[in-house]
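So the structure is just underneath, and the comments pick up after that.
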Amino acid sequence: AQSVTQPDIHITVSEGASLELRCNYSYGATPYLFWYVQSPGQGLQLLLKYFSGDTLVQGIKGFEAEFKRSQSSFNLRKPSVHWSDAAEYFCAVGVGAGNMLTFGGGTRLMVKP
Amino acid sequence: EAGVAQSPRYKIIEKRQSVAFWCNPISGHATLYWYQQILGQGPKLLIQFQNNGVVDDSQLPKDRFSAERLKGVDSTLKIQPAKLEDSAVYLCASSLVNRVETQYFGPGTRLLVL
């Protein structure tokens with residue numbers, strides 16, 4: 001069965017600093033890969049997705065992610081973090097005929113002023 | 001375009017009571033999902049419908065959880081009887097058939113079992 005690991009449970013960065021959130025997956029083939037953001041009390045919002053092609057994908061709110069097949073990773077990056085980026089971030093893989101999503105445990109991002 | 005609607009937003013019950021959650025998907029989305037998100041964890045898929053048929057319910061605790069989507073549109077998830085460990089946010093999502101990239105989530109129902 002597929003699995004998703006987000007090694008960092010909490011990350012704190014200063015506003016304006018760069019950000020990288022790690023995601024590793026375990027699956028026999030290349031899955032569909034996603035990053036979602038969840039603000040307190042809110043539902044999940046899709047930031048970006050990778051299906052095939054260019055391994056560097058751009059998303060909303062200035063986020064990007066890079067798929068590295070050799071490392072089974074799909075890390076999320078942002079060059080300059082804003083205070084409003086404080087939230088929980090989830091990596092997910094979509095596999096199977098029904099393309100069901102399997103989520104990682106999440107990384108909580110805190111932003112220092 | 002209206003998003004995925006869920007109600008209620010919050011529910012507090014005592015253990016052994018029953019509770020039901022309702023979800024109305026995005027118009028035209030034949031696939032509907034229910035996820036359970038326990039505090040501090042990522043969402044876990046409980047059940048997936050395509051129209052009114054079940055695609056996958058392998059992680060649904062069938063001794064106490066049930067779900068239906070009788071007319072292939074809105075859906076109800078029920079817990080009977082509830083346990084303390086059922087305290088979680090229950091997220092509903094919908095998508096086009098076999099198009100996981102079109103999956104959108106509702107705001108969730110936060111359940112607290114005392």
Side-chain angles (χ1 to χ4, degrees), chain A residues 1-10 21-25 27 30-53 57 59-60 65 67 74 76 87-109, chain B residues 2-10 21 23-26 29-51 53-60 88-112:
Chain A
Q2 68 277 3
S3 65
V4 182
T5 303
Q6 294 181 245
D8 304 304
I9 297 175
H10 294 100
L21 302 182
R22 297 183 291 164
C23 173
N24 294 96
Y25 68 90
Y27 183 59
T30 300
Y32 296 164
L33 296 160
F34 304 82
W35 274 100
Y36 287 86
V37 61
Q38 187 177 39
S39 298
Q42 303 297 311
L44 290 157
Q45 182 183 23
L46 180 65
L47 285 176
L48 48 78
K49 57 185 182 281
Y50 172 79
F51 289 169
S52 63
V57 294
I60 62 171
F67 169 59
F74 188 56
L76 182 72
E88 186 133 24
Y89 292 79
F90 293 95
C91 181
V93 300
V95 298
N99 297 135
M100 293 168 285
L101 291 180
T102 298
F103 285 84
T107 298
R108 181 168 296 278
L109 173 67
Chain B
V4 177
Q6 291 188 248
S7 67
R9 292 295 309 276
Y10 305 92
F21 313 129
C23 172
N24 186 255
I26 292 173
H29 281 192
T31 304
L32 185 147
Y33 314 79
W34 283 103
Y35 291 85
Q36 180 192 57
Q37 185 177 19
I38 293 172
L39 186 64
Q41 299 180 18
K44 180 184 79 172
L45 181 69
L46 292 176
I47 188 167
Q48 178 183 350
F49 290 96
Q50 185 167 311
N51 296 308
V54 175
V55 174
D56 186 288
D57 63 356
S58 58
Q59 298 195 87
L60 187 74
V89 175
Y90 291 84
L91 295 164
C92 180
S94 69
S95 75
L96 298 172
V97 174
N98 290 334
R99 295 282 306 279
V100 67
E101 74 275 18
T102 66
Q103 184 170 160
Y104 288 91
F105 286 81
T109 296
R110 187 174 297 273
L111 173 68
L112 178 61

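If you measure heavy-atom distances from A:Glu88 to chain B, you find no contacts under 4.5 Å at all. Residue B:Gln37 touches chain A through its side chain alone, counting heavy-atom pairs closer than 4.5 Å.
A distance of 9.0 Å separates CG of A:Leu46 from CZ of B:Phe105, quoted to the nearest 0.5 Å. Atom-to-atom distance recorded for B:Gln103:CD and A:Leu44:CG is 9.0 Å, nearest 0.5 angstrom.
Within a 6.0 Å sphere centred on CG of B:Leu39, other residues, nucleotides and ligands contribute 12 heavy atoms or fewer.
Options A:Phe90, A:Tyr36, A:Phe103 differ in how many heavy-atom pairs under 4.5 Å they form with chain B, and the most are formed by A:Phe103.
Not counting sequence neighbours, B:Asp56 has no partner by the salt bridge (charged side-chain N to carboxylate O under 4.0 Å, His left out) test. Not counting sequence neighbours, the partners of B:Thr102 by the side chain to side chain contact (heavy atoms under 4.5 Å, CB included) test are B:Ser95, B:Leu96, B:Arg99.
Within the 4.5 Å cutoff, the side chain of A:Leu101 has heavy atoms near those of the B:Tyr35 side chain.
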